[in-house]
Structure formats: C-alpha cells, structure tokens
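Below: one structure, written as structure tokens.
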Amino acid sequence: GAGVSQSPRYKVAKRGQDVALRCDPISGHVSLFWYQQALGQGPEFLTYFQNEAQLDKSGLPSDRFFAERPEGSVSTLKIQRTQQEDSAVYLCASSRGQGGLYEQYFGPGTRLTVT
Amino acid sequence: DQQVKQNSPSLSVQEGRISILNCDYTNSMFDYFLWYKKYPAEGPTFLISISSIKDKNEDGRFTVFLNKSAKHLSLHIVPSQPGDSAVYFCAATGNTDKLIFGTGTRLQVFP
C-alpha cells in the first residue's frame, strides 16, 4: 500500500552508539511528525516538519536528538550516544495539510532498545 | 503534567453491547479532538474527530461526544465487535502542530 513506512522496524543499540531511523511519508504529504512512545504511554510529540522546514522541535528531549527532512519527503531521526532511557517506539506520521488539524497517518514505528 | 488523561487503562465489554471510552483534558486552548485506535505492532489509526464547535460527531458505529464545560469527551462504540479489541488513544490539539495524546485504554470485546 501507499502508507507511511518506517525502517528499521526493530533496532537494538548498545549504550553510546548512534542510531538513525528512517521515515517514508505518504507521497505528497506536506507535514511530517515524529513521536516517541514509551511502554504503557501514549505517543509524545518530538518534532514537526512542513515540507523541508523544521517548524517545531520543542519535544526533542536533548541535543542528542536530531531530525532532518532535506528534500521535503523522507525524514531521518538521529539519536547520538544512545542512553537506556531512549528505549521506546519511535512513530512517524504524515498529513496532507499544514499543522495538526489534519488527520495524521502513522507508520508502524521503530522499536529501539538500548542495552 | 498530563494534559490529556484516560483514567481507565482497560475496559472489557461483551460483543453487541456498548463500549464507552472516556477522556479528560485540562488545557482550555484545545479546540480539536481525535480518537486513534492501535493494534499491536502497528501505528495508531485515525478513527474519528470532533471540533470544539460541536458536541457530537457520529460515524457509523462510532460516536464522539464533547462536553467543553467539563473538559470531557467520550467515544461510544455500538454495537461492539471482537475486531474492535485494541488500544484507543484520545488526542487533542489547539491549532498548533502537535497532537497531545492520552495514555490509552485497552478495550477487549469478548463473545
């Protein structure tokens, strides 16, 4: 189908390693969001892109987290020097319009485990 | 500070009966509310939404009610079906970019 895809689906990293998580949004969707979902919690906002512009990164928990969307389509979330508290499912979502008032379509997520 | 709260972590309902999932919020700036459904190992799927200018929105078996004065919304599923068994998340936004999610309610519909 033409939904949001994420890779890898599962990632195990040793503490201190850098990881890169990829998101392929639905073609033509303007907005792209990253969320972090800890076990037993709801998704928590990390950052938002409108096309290639990162308009909001207020949810990124530390400067170890970095996201980019250089051509306004595929996005990468990078976590440097991973810590155990980074273990979570990282969800990517895209929407056709600008901002949060349009339906967001979610990918299946990447489950990151830091050992 | 949890701005969107789902106080029931789980709910069990018999097939054919009504399921009622509740959600409370604290931020009066929220003006758009959504329900998402999530199966294991999948991302959340949009179910239904409601704008703050309405108090009810219906889509087939799913109805969302909004009580702004109480800062409360609820999702009604009737009749409930086994395929409805999933985790349901309430989310809210206030004309900004981000969705604020609750912690979810696990619904189990048994035969």
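The figures that follow rest on heavy atoms only: side chains count, while hydrogens, waters and symmetry mates do not. Lettering of chains follows the sequences in order, A, B, ..., and the numbering in each one begins at 1.
- Not one N or O on the side chain of A:Arg22 forms a donor-acceptor pair closer than 3.5 Å with the backbone of A:Ser7.
- In this structure, the ring of A:Phe33 has its center no less than 6.0 angstrom from the ring center of A:Phe49.
- The closest donor-acceptor contact from the side chain of A:Thr82 to the backbone of A:Gln17 lies under 3.5 Å.
- Remark: side-chain polar atoms of A:Thr110 are not paired, donor with acceptor, to backbone N or O of A:Leu21 under 3.5 angstrom.
- Heavy-atom contacts from other residues, nucleotides or ligands closer than 6.0 Å to CD of A:Glu85 number more than 12.
- For residues 37-75 of chain B, a heavy-atom distance under 4.5 Å to chain A picks out B:Lys38, B:Ala41, B:Glu42, B:Gly43, B:Pro44, B:Phe46, given by residue number.
- Without hydrogens or angle criteria, A:Ser62 side chain to A:Arg64 main chain gives a donor-acceptor distance under 3.5 Å.
- Of all the listed residues (A:Pro43, A:Ala93, A:Pro108, A:Gly42), the one sharing the greatest number of non-hydrogen pairs under 4.5 Å with chain B is A:Pro43.
- Across every non-hydrogen atom of A:Val4 and A:Cys92, the tightest pair is CG1-O, 4.0 Å.
- When each of A:Phe106, A:Tyr48, A:Tyr90 is tested with A:Tyr35 by the rule ring-ring contact (aromatic ring centres under 6.0 Å, His included), just one qualifies, namely A:Phe106.
- At a 4.5 Å heavy-atom cutoff, A:Thr47 makes no contact with chain B through either its backbone or its side chain.
- In this structure, the side chains of B:Tyr36 and B:Phe101 come closer than 4.5 Å at one or more pairs of heavy atoms.
- When heavy atoms are compared at a cutoff of 4.5 Å, A:Arg9 approaches chain B solely by way of its side chain, counted from C-beta outward.
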B:Asn7 and B:Asn22: CA distance, side-chain angles, deciding distance, side-chain contact (heavy atoms from CB on, under 4.5 Å) verdict: CA-CA 8 Å; B:Asn7 291 319; B:Asn22 293 303; over 6 Å; no
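- In this structure, the portion of A:Gln37 lying under 4.5 Å from any heavy atom of chain B is its side chain and not its backbone.
- The stretch residues 102-111 of chain B places B:Gly102, B:Thr103 near chain A, each with some heavy atom under 4.5 Å from a heavy atom of that chain.
- Remark: B:Gln3 CD is packed, more than 12 non-hydrogen atoms of other residues, nucleotides or ligands lying under 6.0 Å away.
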